[in-house]
Amino acid sequence: MNKECLACGMINSIPVFDITDWNKKDRCLKCDDALILQSDGSTHTCDIAHGNETVDQAMSKLHLHLNHAINNYTHRVRLIVGGGLIKEEVLGLLYFYQQQGYIVSYAVDSRNAGTINIIIRS
Ligand SMILES: [Zn+2]
């Protein structure tokens, strides 16, 4: 895919990454900035639990949203998970993802227990 460097404007051709396999070392050909780590400070909000999703469906939606976020410039994903099994499953996966370094951090929203804030890149 073509990705514009936020530092210099150069259009670079880089692969589409998966959250479990993103190469954070891909650099801009012109200014050498780490392209995939560039953030525009944006928040991507998504609800994976209020459309009668099964746990499996919710987890596959989560995967799509995380992939969307890493392939764009998203700073944070605001994930609406509700309060049931989906939330438990998501928290387990995010714990693993943070351990692996796929995401920076995550935390249940202090004002809404059914929402998890995930920091994708600083
Ligand atoms: Zn650049």
Side-chain angles (χ1 to χ4, degrees):
M1 70 172 175
N2 287 331
K3 188 153 188 166
E4 183 178 355
C5 173
L6 293 183
C8 76
M10 168 93 177
I11 306 291
N12 290 265
S13 177
I14 66 170
V16 174
F17 292 111
D18 187 90
I19 184 73
T20 61
D21 183 26
W22 49 312
N23 178 7
K24 299 173 185 175
K25 292 178 182 138
D26 246 337
R27 295 188 170 271
C28 174
L29 288 174
K30 189 172 169 190
C31 75
D32 205 40
D33 209 43
L35 276 173
I36 201 77
L37 293 178
Q38 291 181 345
S39 167
D40 61 5
S42 63
T43 294
H44 174 69
T45 300
C46 46
D47 185 334
I48 62 166
H50 295 91
N52 289 319
E53 291 90 346
T54 63
V55 172
D56 282 352
Q57 286 167 339
M59 296 310 279
S60 91
K61 278 190 180 180
L62 170 62
H63 202 93
L64 291 176
H65 287 293
L66 289 176
N67 281 354
H68 173 84
I70 63 160
N71 286 295
N72 287 278
Y73 306 98
T74 310
H75 165 61
R76 179 177 73 146
V77 171
R78 189 169 164 76
L79 190 70
I80 298 158
V81 293
L85 276 179
I86 290 172
K87 179 182 177 185
E88 296 312 312
E89 195 75 18
V90 167
L91 285 172
L93 184 71
L94 292 177
Y95 176 80
F96 174 71
Y97 279 6
Q98 184 181 14
Q99 297 294 308
Q100 298 298 312
Y102 301 155
I103 58 173
V104 176
S105 63
Y106 68 96
V108 174
D109 192 282
S110 56
R111 284 172 300 179
N112 185 342
T115 298
I116 300 171
N117 294 308
I118 307 166
I119 306 299
I120 302 295
R121 49 172 72 83
S122 352

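Atoms within each ligand, like the ligands themselves, are counted from 1 in listed order.
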Taking all non-hydrogen atoms of both residues, which atom of I11 and which atom of E4 are closest, and how far apart? CD1-CB, 3.8 Å
Sequence neighbours left out, what passes side chain to side chain donor-acceptor pair (under 3.5 Å) with N12? Give chain and number order.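 Residues passing side chain to side chain donor-acceptor pair (under 3.5 Å) with N12: none at all.
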Do D56 and T54 have a side chain donor and acceptor closer than 3.5 Å? no
Does D18 use its side chain to pair, donor to acceptor, with the backbone of T20 at less than 3.5 Å?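 The answer is yes, because a donor-acceptor pair under 3.5 Å joins these two groups.
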Can you say whether the rings of H65 and H44 are parallel (under 30°), tilted (30 to 60°) or perpendicular (over 60°)?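 Correct class here is tilted.
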I36 pairs by side-chain contact (heavy atoms from CB on, under 4.5 Å) with which of K25, R27, K24? K24
Closer than 2.8 Å to the Zn ion (ligand 1), what protein N/O/S atoms do you find?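 For the Zn ion (ligand 1), the protein N, O and S atoms that sit under 2.8 Å away are C5 SG, C8 SG, C28 SG, C31 SG.
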